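Remember, it's a predicted structure, so these values are computed and weren't measured experimentally. Ligands are counted one by one from 1 in listed order, and the atoms in each one are counted from 1 as well.
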Amino acid sequence: MKRVMVIMGTRPEAIKLAPVIHALKRAEDFQPIVMATGQHKDMLASVVARFDLPVDHELDVMRPDQTLSGLTARLLAAIDPVLEAESPDITLVQGDTTSVLVGALASFYRGIPVGHVEAGLRTGQMMAPFPEEANRLLATRLAHLHFAPTQRAHGKLLEEQIDPATVFVTGNTVIDALQMELARQNQESEDPSIHSQLAEELGSDWKEHPFVLITGHRRESFGPGFEEICSAIHDLATRFPDFRFIYPVHLNPRVREPVQRTLSDVENVRLIEPTPYGPFVALLNACHLVLTDSGGVQEEAPSLGKPVLVMRETTERPEGIEAGTVRLVGTQRERIVDEVSRLVSDENAYREMAEAANPYGDGKASGRILDALRGFFEGQIPRAW
Ligand code: UD1
Ligand code: UDP
């Protein structure tokens with residue numbers, strides 16, 4: 001029985017690792033040990049509850065408006081004693097957050113091999129996304145096993161001289177998670193509770209008006225970027241009074257301040273708290289289109305046939321753009337307004353995006369990750385260090 005330490009810090013890590021944790025739990029040859037680093041406190045708790053994740057170690061590192069250095073230092077000090085006590089056979093980290101970087105580094109310091117889920121995403125620009133591009137590069141250097149979501153990500157790793165025998169194209173586990181959630185929502189007994197949660201926040205007629213679903217949180221857009229984004233939403237709400245603009249606002253105070261200041265009084269804008277995963281998927285399913293800077297949301301929405309406009313200047317996820325499911329619209333007010341207006345007004349442009357196929361996987365990524373782990377423990381895969 002191999003003991004696998006799964007480290008997760010933020011909402012998207014928990015969502016994307018949930019199917020892996022369940023697959024490990026079901027397997028007879030693995031035992032998952034789950035560590036929630038506490039980088040996100042509130043936003044992680046609802047995912048843990050929704051997926052019924054067995055958390056063995058809950059750390060308490062989050063501080064209001066935390067700095068990257070403060071967070072990094074607290075994480076390193078808190079993760080190491082758990083690794084020492086548990087001495088796992090391998091650590092799994094997912095994505096590009098500070099928890100990923102520190103989880104991989106602390107494991108390296110203890111000589112514990114590292115598997116990196118969602119490896120090989122790159123913009124090629126150290127400052128965008130910040131600090132995620134650096135976290136990904138560093139995690140790659142520290143990992144033994146690289147689970148690339150796409151062929152492109154696989155290619156990026158090989159360009160960086162990573163041994164091809166250690167890289168596996170798995171698809172993105174976010175699709176596994178989405179399929180788990182949709183299966184639950186398709187069971188009749190699940191629907192009413194989700195509907196009533198949303199009705200409480202948005203009113204019982206929330207499904208009756210067409211709406212744009214909005215999320216945003218990227219650090220490189222803090223300040224002027226968020227001012228532009230909020231102004232664009234304000235303009236759009238005025239231009240399209242029959243539409244609603246539903247925005248679950250991230251808990252980061254640097255996001256909440258401009259959003260609330262600019263948009264809280266706009267009649268057809270609904271600012272709500274971050275939505276638990278179940279209701280969020282229901283919103284994704286019911287919306288007309290998505291305006292976001294989120295990585296996970298742009299991977300999920302195309303599976304539900306929703307066009308995604310990404311408010312960023314650069315992307316590590318060009319697969320969606322190539323497939324036609326996603327458009328990069330930057331963070332300038334005018335461009336965002338033009339691009340949303342085009343999709344709302346031009347049926348053909350809308351249909352083209354809505355009908356394009358999702359390039360991020362088939363919902364079987366977790367199984368492929370477990371197969372690769374078995375190969376590693378059977379000695380078929382060379383160790384990086
Ligand atoms: C983090 C990740 C980012 C990821 C995002 C997912 C880093 C550097 N950033 O960004 O890559 O895309 O999560 O959402 O790893 N807060 C709460 N409660 C919560 C969560 C956050 O109050 O449950 C507030 C706190 O004031 C906290 C702040 O948000 O200090 C920032 O949290 P942090 O994890 O540092 O950055 P995010 O912007 O959430
Ligand atoms: N999500 C959620 N509730 C929300 C907003 C997003 O459950 O109110 C989910 C979404 O379905 C996706 C993930 O959170 O799976 C994306 O997280 P986020 O945008 O915070 O981070 P990123 O993916 O950009 O790293």
Side-chain angles (χ1 to χ4, degrees), residues 8-19 36-51 60-72 74-75 93-103 118 121 129-136 139 172-178 180-182 194 197-198 201 213-222 226 246-257 271-285 287 290 292-301 303-304 306 308 310-312 315-317 360:
M8 59 191 195
T10 68
R11 169 174 66 190
E13 291 162 73
I15 292 169
K16 290 172 170 180
L17 285 169
T37 68
Q39 175 175 343
H40 279 180
K41 213 178 191 162
D42 325 277
M43 282 165 38
L44 195 95
S46 75
V47 183
V48 167
R50 183 66 183 167
F51 286 98
D60 178 23
V61 302
M62 199 195 86
R63 300 291 177 270
D65 205 7
Q66 58 205 0
T67 62
L68 293 174
S69 294
L71 173 64
T72 303
R74 288 191 298 281
L75 281 167
V93 291
Q94 191 287 334
D96 53 21
T97 68
T98 304
S99 289
V100 172
L101 168 64
V102 179
E118 201 182 77
L121 275 61
F130 173 81
E132 289 83 0
E133 182 78 356
N135 290 345
R136 294 171 187 146
N172 198 307
T173 55
V174 79
I175 306 296
D176 304 26
L178 182 64
M180 283 168 76
E181 179 56 40
L182 290 172
I194 286 181
Q197 279 179 55
L198 287 168
E201 290 254 32
L213 181 62
I214 304 169
T215 79
H217 68 83
R218 303 239 75 94
R219 254 166 219 263
E220 66 274 15
S221 300
F222 289 174
F226 264 95
I246 298 181
Y247 187 167
V249 187
H250 195 284
L251 291 178
N252 196 326
R254 308 263 239 118
V255 174
R256 290 175 90 80
E257 191 282 320
L271 301 181
I272 58 175
E273 291 304 310
T275 311
Y277 189 58
F280 188 77
V281 169
L283 284 174
L284 265 181
N285 225 343
C287 73
V290 182
T292 188
D293 65 12
S294 163
V297 175
Q298 66 181 284
E299 293 157 343
E300 291 161 340
S303 289
L304 301 169
K306 307 299 174 178
V308 185
V310 176
M311 300 182 288
R312 290 182 50 188
T315 184
E316 60 288 308
R317 294 174 167 90
Y360 291 109

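Distance NZ/K306 to SG/C287: 5.0 Å, rounded to 0.5 Å.
Residue T98 has at least one N or O atom closer than 3.5 Å to an N or O atom of ligand 1. Polar contact with ligand 1: present for Q39 (N/O pair, distance under 3.5 Å). On a distance-only criterion, M43 and ligand 1 share at least one N/O pair closer than 3.5 Å. For ligand 1, one of its N or O atoms has an N or O atom of K41 under 3.5 Å away.
For atom 38 (O) of ligand 1, the closest non-hydrogen atom on the protein side is N252 ND2, 3.1 Å. Of the protein's heavy atoms, R63 O, 3.6 Å lies nearest to atom 27 (C) of ligand 1. When only non-hydrogen protein atoms are considered, atom 14 (O) of ligand 1 lies nearest to H250 NE2, 3.1 Å. Ranking protein heavy atoms by distance to atom 26 (O) of ligand 1, first place goes to D65 N, 2.8 Å. Distance from atom 32 (O) of ligand 1 to its nearest protein heavy atom, with residue and atom name: Q66 NE2, 3.4 Å. Nearest protein neighbour of atom 5 (C) of ligand 1, counting heavy atoms only, is H217 CE1, 3.6 Å. Looking from atom 9 (N) of ligand 1 to the surrounding protein, the closest heavy atom is E132 OE2, 3.7 Å. Atom 10 (O) of ligand 1 has as its closest protein heavy atom H40 NE2, 4.2 Å.
The pair D293-R312 does not meet the salt-bridge criterion, since no charged nitrogen lies less than 4.0 angstrom from a carboxylate oxygen.
Contacts between P253 and ligand 1, counted as non-hydrogen atom pairs separated by less than 4.0 Å, involve the side chain only. Looking at P12 against ligand 1, only its side chain comes within 4.0 Å, counting heavy atoms. With a 4.0 Å heavy-atom cut-off, ligand 1 is reached by the side chain of P131 but not by its N, CA, C or O. By the criterion of a heavy-atom distance under 4.0 Å, neither the backbone nor the side chain of V255 is placed next to ligand 1.
Judged by distance alone, with hydrogens and angles left aside, the side-chain atoms of Q298 form a donor-acceptor pair with the main-chain N or O of S294 at under 3.5 Å. Side-chain atoms of T67 come within 3.5 Å of backbone atoms of G70 as a donor-acceptor pair (strictly under, hydrogens ignored).
Contact annotation: R218 has at least one heavy atom less than 4.0 Å from an atom of ligand 1.
Contact atoms of ligand 1 toward R219: 33 (P), 35 (O), 36 (O) (distance under 4.0 Å to a heavy atom of the residue). Using a 4.0 Å cut-off to heavy atoms of L68, the atoms of ligand 1 that qualify are 8 (C). Numbered from 1 in the order shown, with element, the atoms of ligand 1 that lie under 4.0 Å from a heavy atom of T10 read 13 (O). Listed by number with element, the atoms of ligand 1 under 4.0 Å from a non-hydrogen atom of D42 are 17 (C), 18 (N), 19 (C), 22 (O), 23 (O).
Contact of the V297 side chain with the V308 side chain is not registered, since no non-hydrogen atoms from C-beta on lie closer than 4.5 Å. Annotation: side chain of E13 is not in contact with side chain of H40 (no heavy-atom distance under 4.5 Å). In this structure, the side chains of L121 and D96 stay at 4.5 Å or more apart for every pair of heavy atoms. Considering only heavy atoms from C-beta on, E220 stays 4.5 Å or farther from E133 through its side chain. With contacts defined as side-chain heavy-atom distances shorter than 4.5 Å, the pair D60/R74 does not qualify. Side chains of M311 and S221 form no contact here, defined as non-hydrogen atoms less than 4.5 Å apart. Between E316 and E132, every side-chain heavy-atom pair lies at or beyond the 4.5 Å cut-off.
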Pair I194-F280, side chain to side chain contact (heavy atoms under 4.5 Å, CB included): steps then yes or no: CA-CA 9 Å; I194 286 181; F280 188 77; over 6 Å; no

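For the side chain to side chain contact (heavy atoms under 4.5 Å, CB included) criterion with T37, the lone passing option out of V102, L75, V100, T10 is L75.
Side-chain polar atoms of T173 and Q94 form no donor-acceptor pair below 3.5 angstrom. Residues T72 and T98 have side chains that never bring a donor and an acceptor to within less than 3.5 angstrom of each other.
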Which atom pairs, one a donor and one an acceptor, fall under 3.5 Å between side chains of residues 248-255 and the rest of the protein, sequence neighbours left out?
unit_1	atom_1	unit_2	atom_2	d
H250	ND1	N252	N	3.1
N252	OD1	R254	N	3.1

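For ligand 2, residues of the protein lying within 4.0 angstrom by heavy-atom distance are R11, P12, I15, H217, R218, P248, P274, T275, Y277, F280, S294, G295, G296, V297, E300.
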